[in-house]
Structure formats: C-alpha cells, structure tokens
Number of protein chains: 2
Amino acid sequence: MTEEQKGKINQMEDFFIDKIADNMTTYGVSPTVGRVLGIIYMNRKPMTLNELSEATGMSKTRMSQVVREMLDLNIAEKIFEKGVRRDLYTVERDYYQTFVSLFTSNWQKVINKNKMFDKKVKTELVSILEQAEISEEDEIKINHLLKETKEWVDYYQWLARLVDFFESGEIFKHVPKT
Amino acid sequence: MTEEQKGKINQMEDFFIDKIADNMTTYGVSPTVGRVLGIIYMNRKPMTLNELSEATGMSKTRMSQVVREMLDLNIAEKIFEKGVRRDLYTVERDYYQTFVSLFTSNWQKVINKNKMFDKKVKTELVSILEQAEISEEDEIKINHLLKETKEWVDYYQWLARLVDFFESGEIFKHVPKT
DNA sequence: CAGTTTGTAAACTTTTTATTTCACAAAGTT
DNA sequence: AACTTTGTGAAATAAAAAGTTTACAAACTG
C-alpha cells in the first residue's frame, strides 16, 4: 500500500467530517462545533479535550467552549471511564437523533422565550381598550393587534406540537427512516 | 386618548416586530432580516426601500441587500402597483407558510450540496479496495467508511423526504394548525 | 506537602459579518 | 436635453463572533 493510498483514506475521512460539519451549520451552530462533532464521530470513540485540540489544531480552551456548547445542545455527552482522569466526550452516533435534538432544542428555546409574551400584550391592549375616549381608528388598530395576538398564540401552540411530534419520534412513523 | 396610550400601542407593535424577528433568527437569518420582515408584516401593506430605511433607521443600500436575501429565501415578494415607481415588497402573512419556506430552503440547500458526495467517495474507496496489497487494518477502515457512506445516503434521502413532507403540506395533516 | 495536570474564566486579538458611504447606470420627469 | 430619482455595486468602517493567551483554582500524584 502506497503512502498515497493511505492519504486517500484519510482524505475520505476528512471529507466526511466536512460534510457533517456543513450539515450541522444548517442548525445554526458554528462551523467549529460541527467540525468537532464530525471528528468525534469519525473517531468512533470518546475523545479528550487534548485530543480534540490536537485534531482541530485549536486551543484547548476553545475545545472546552465548544464541548460545553455541544452539551447544552444535547449532541454530546461527558462519559466516565475508570482509570481515565481526563474528561471524555462522545457524540450521538445516530444522524436522525442528532437532527431531532438540534431541531427541538432550537425551537424549544424560542417557544420558552415567548411564553409570557401574549399574556402581557393582551392585558395591556384590553386595558387601553377599556378606556372611554378612544378614536375609532385606534380601536381598529387595537383590535387588529388582539387578533394578531391570537394568531401568534395559535402558531406557537402549533410549534410546540411540532417539536413534540419530532421529539416523540412520531415523525418517523410518517417519514420513515429507510 | 393620552399621548401615553398612543405610545403604548406603538410599543405593542414593536413588541410584535421583535418577537417575529427573534423567531426568525432561529432559521439562521440575520436579526435585521427578521426585523424587516416583522416591519412589513405589521405594516399590513407593501413597503418601499425608502420606507424600510426610514422604519429601521438603516441605509437604503442595506435595505436593498436585506430584501434581496428575503427574496432568495422565498419569504418576500416584489409586487407591481401601477402608478408607483418605486419597488414594493410584501411578505408572506401566513406564519406557517413562512416556517415551511425557510425550513425547506435551508435544508434543500444542504441536500443539493451533498448530491455528488457519496458517489465520489464510494468510487474512490472501492478503487482503493481493489488494489491487491492492503493491510487488513486498512481494509476494515475502508469497509467502515463504505458502511458510513451508505448510512449517510440513507439519512440524506430521509432529509429529502422530510423536506417534501413539509413542502407538500402533508405535515399539517398530522400536526394540524388549530 | 510540593509539584503536576486539568478545565475554564477573563482579557485580549483575529476573523468574519453587518452596515455605511460613495459612486454610477438606468429609468423617469419636465 | 438637462435634471431627479431609484436601486445596487464596490470599497471602507463598525460591530459581532470566533479563537488565543494568560492565569488560576480544583483535583490528582508521588
């Protein structure tokens, strides 16, 4: 086997890593997060911060930051191995599961942020509406906003159901894996 | 009606715009794109670059850039109105449709980028495998990669079906709007 | 206990992305 | 035809994000 062929194999692995990373950025994570995920994935076993630092050519501190982000997103996990002092990290090996994790954590975040919004707006609008002296024009405007609020709430409830549809695995019943 | 109440109404509209923008960033678009979408949405009728520039406090050039990005993403449309010289832009008013448009354009892009990938890798790997002198270790590695390629292809086909599931509106049969 | 190693915060630097300014062609007006 | 207005490139600047260096506490080692 020539050196050239050895190189080819490694090159193919790097191709995969790039593709995984590329795919990943579509979820809104930074390219480095994607790359690290790809690296651990292709490594087929847990890695330490030092190894990652070595593999990416980036500082250990950066790896620490990236790994933490991945833990937050539920796409990596810290694992314990007896006798090993350094922290070891694995990634989800199932592409579908990774998709679901990122999809749900992104949208769940938005849903939570909007939790209190409609109540606040509604209360405020109704209280203005209850005042005696309002021009007709303004009343129309307020009613528009109230209607808008309702639609917004409906949309968010749909989003929540959608997230659940993915998280529960229901999606795979209708869009099967193979 | 006091000035204060007038202010409250405008404030509520701004709240909406911010929430729309915030929601939007989850699709990976810049905050300004989200904000412009929110502004046109709340305006309830098409707007010109000058109006947008006025409303955002940003330069007209920037608005031109933002609007073009929105056209690319299929979340805005240029419309013609006789007698009006300036270009007018509307946005999709249906939150669900906006979700679907962004979801599909994002993932479609990734799917397209990956179109040729697997063929290239597979050809390359098989050609190495056909060489006579390969260490057992390397053979295992290559077979791993081939298996990986297969899984990757399956995943991408699933993604394509998923995109279609949204684009066709099928999703709403299983996660209904109301 | 003195000496390492490990992970991460804090401050700084670099790179990338967002935005503005300036310029100019194309279309519209008078 | 001279004069405006409109939309958008291209280059420059500002703002934000990504990444590094230094420093240090906590957990290990001998």
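Everything numeric here is computed off the predicted structure, so don't read it as measured data. Just so it is clear: chains get the letters A, B, ... in the order the sequence lines come, proteins before strands, and each one is counted from 1.
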To the nearest angstrom, how far is [X] atom [atom1] from [N] atom [atom2]?
X	N	atom1	atom2	answer
B:M70	D:dT8	CE	P	14 Å
B:E69	D:dT8	CD	P	14 Å
B:M63	C:dT21	CE	P	13 Å
A:R35	D:dA18	CZ	C1'	13 Å
B:F80	C:dG28	CZ	C1'	16 Å
A:K60	C:dT5	NZ	C1'	8 Å
B:M47	D:dT6	CE	C1'	17 Å
A:L71	C:dG7	CG	P	12 Å

Seminar exercise, completed: DNA chain C nearest-nucleotide lookup for B:M58 and A:Q65: closer to the 5′ end is A:Q65
Problem set entry | Passing candidate, ring pair (Phe, Tyr, Trp, His ring centres under 6.0 Å) with A:Y27, options B:F103, B:W107, B:Y27 |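 Looking at B:F103, B:W107, B:Y27, the match for A:Y27 under the ring pair (Phe, Tyr, Trp, His ring centres under 6.0 Å) is B:W107.
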For this session: May I ask you to check whether B:F15 and A:W152 place their ring centres under 6.0 Å from each other?
Result: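 Aromatic pair excluded; centres sit 6.0 Å or further apart.
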Exercise. Does the cation-pi check pass for B:K19 over A:Y156, that is, NZ or CZ under 6.0 Å from the six-membered ring centre and within 45° of its axis?
Worked result: no
To the side chain of [X], which of [options] is closest?
X	options	answer
A:S64	D:dT20, C:dT20, C:dT8	C:dT8
A:R68	C:dA18, C:dG7, C:dA9	C:dA9
B:D87	C:dA9, D:dG7, D:dA18	D:dG7

For this session: State whether B:K150 and B:D154 are salt-bridged, where the test is any N-O pair (Lys NZ or Arg NE/NH1/NH2 against Asp/Glu carboxylate O) under 4.0 Å.
Result: yes
Exercise. Touch check for A:T48, heavy atoms < 4.0 angstrom, all strands: base, sugar-phosphate only, or nothing?
Worked result: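 Nothing, no heavy atom under 4.0 Å.
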Exercise. Looking across every strand, which nucleic acid part, if any, lies under 4.0 Å from A:S59 by heavy atom: base, sugar-phosphate, or nothing?
Worked result: base
For this session: Could you tell me whether the side chain of B:R86 has a donor or acceptor atom within less than 3.5 Å of a complementary atom in the base of D:dT5?
Result: no
Exercise. Looking at D:dT6, does its base get a donor-acceptor pair with the side chain of B:R85 below 3.5 Å?
Worked result: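 Result: no qualifying N/O pair found.
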Exercise. With respect to the phosphate group of C:dT19, does any side-chain polar atom (N or O) of B:T32 fall under 4.0 Å of OP1 or OP2?
Worked result: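 Affirmative; the distance criterion is met.
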Exercise. What residue among A:V67, A:L88, A:D87, A:V66 forms side chain to side chain contact (heavy atoms under 4.5 Å, CB included) with A:L49?
Worked result: A:V67
